[in-house]
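The structure appears below as structure tokens.
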2 protein chains.
Amino acid sequence: MLIMRSVPEDLTAPARIRDAAIALFGAQGYDGTSVRAIAAAAGVSPALVLHHFGSKEGLREACDSWIIDEVMGRKEGLTTEHDLASTMQEWLADTERFRPSLDYLARTIVDGGETGARLFAHLVDRTESMLASQTEAGIVRPSSDPRMTAAIVATHGLVPLVLERVLARSLGDTGLSSALIARMTLPTLELYTHGLYADSTVLDAATAALKGTPSEGAP
Amino acid sequence: MLIMRSVPEDLTAPARIRDAAIALFGAQGYDGTSVRAIAAAAGVSPALVLHHFGSKEGLREACDSWIIDEVMGRKEGLTTEHDLASTMQEWLADTERFRPSLDYLARTIVDGGETGARLFAHLVDRTESMLASQTEAGIVRPSSDPRMTAAIVATHGLVPLVLERVLARSLGDTGLSSALIARMTLPTLELYTHGLYADSTVLDAATAALKGTPSEGAP
DNA sequence: GTCTATATAATGATAGAC
DNA sequence: GTCTATCATTATATAGAC
């Protein structure tokens, strides 16, 4: 399978290699991508890849650093005014530009390694402070466990990215098109505005059950 | 890294190989697992693995079929009374028994291949009919797009499984312990009962915006 | 059915010329 | 900096004995 990627020729070789690696790692995974394939996509020899980055693992670390800067360093992106889900949607909308990085990001987080854990924890931190300020402003409801709520909201924002392929196919589409993203907006906001349940029966029952048995001990 | 797995000796060799493969594929991924490792875990020679399943890919397909039966075939599991999230929590609670299959399931769905797409579509189908019957019963609020809502709820149910490692670490834990799962219950139900937003400002704005510009055209 | 031994291909990495 | 040529390792898969 050939992956065509428009690598600008005016970039320096290490930059072209890094871009090609991010695109291929994101599309096929780390194990599923060979140094040879990266070299071919970047228009260089396999030896040059290892000359510049020491090893395949070294190249991965360079890609990780690049992604960390892209996600954490930018002023744009996550602000306290936009929640993660809508930011995600903006990113997904600008497909051509961000897709390779986003696919790489998704794989890194799902892989569960050190970099993925750091990135996700950072997203949760941002979400938590965003929710805190919006709660203070009366926009967001207070939570019984703000950190956990932030983690849950963060995962919800990442889900369209992580489950992109199967999600699209379950809705009769082939990829996560911008039309599909638009279609997700309203149901997501409905859920985040009114909840899923019609009343608080389930929540009340769970609350009572949890208070009745704090940790298998009687009060 | 050694993965200890208690494979009962009384199983037939193909069954032991299949179980070992599911555990290793789930833990390390398909590419990250060699036929040798599977053979060692099952206590047989590498050649026997290929003798019984033809190829590594054939073994994967056998594992896929097994998982499909486990997820789709059971009477237990998903019913119209339990939503996906709570079913997920029950499964995660019975760690020792279901973990290998669940990890394999998560990887299969994230991979986005044919099997993963089928499995996820099936989960969405089940969620959709569950939501429909519960909406009719007045338990669940009606949605403007039931299929999409079902897809969203299904992804939310899979999140603890798919993002297990990073989710746990962002909350100061190392793995998705039962304590962490318990801690997720209340915030999740709060979100599903009252929503995240304090009022319908955001939803109203989005609804107006979407109606105002159906697809970049003026009304 | 199960094994040992081996074939064959691909991979990450190195050496050394230019 | 960049290449060609090559090494050493590992992978899947096969052949054939028992």
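Naming: A, B, ... by sequence-line order, numbering from 1 per chain.
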Output field dot_bracket for DNA chain D (Watson-Crick or G-U, both distances under 3.5 Å, | for other-strand pairs) contains ||||||||||.|||||||

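- The minimum heavy-atom distance linking A/Ala20 with A/Ala41 is given by the pair CB-CB, 3.9 Å.
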Whether each nucleotide of nucleotides 12-18 of chain C has a protein heavy atom under 4.0 Å at its base (B), only at its sugar-phosphate (S) or at neither (-) is summarised, 5' to 3', as BBB----

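- With a 4.5 Å cut-off on side-chain heavy atoms, B/Phe98 and B/Glu70 count as touching.
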**Prompt:** A/Ser144 and B/Glu190: side-chain hydrogen bond (donor to acceptor under 3.5 Å, both in side chains), yes or no, with the steps?
**Reply:** CA-CA 8 Å; A/Ser144 67; B/Glu190 285 174 3; 2.7 Å; yes

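- Taking the side chain as every heavy atom from C-beta outward, A/Arg60 and A/Thr115 never approach each other to under 4.5 Å.
- Taken from OG1 in A/Thr188 to NE2 in B/His156, the straight-line distance is 6.5 Å, to the nearest 0.5 Å.
- Between the CG atom of A/Leu48 and the P atom of D/dA5 there is a distance of 17 Å, rounded to whole Å.
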- Hey, mind stepping through B/Asp125 and B/Arg147 against salt bridge (Lys or Arg N to Asp or Glu O under 4.0 Å) and telling me if it holds? CA-CA 8 Å; B/Asp125 290 345; B/Arg147 179 68 182 177; 2.8 Å; yes

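- One distance of note links CD1 of A/Ile67 with CD1 of A/Ile22; it measures 4.5 Å at 0.5 Å rounding.
- Taking atom CD1 on A/Ile38 and atom P on C/dT11, their separation rounds to 11 Å, with Å as the unit.
- Using cut-offs of 30° and 60° for the angle between ring planes, the A/Tyr197 and B/Tyr192 rings count as perpendicular.
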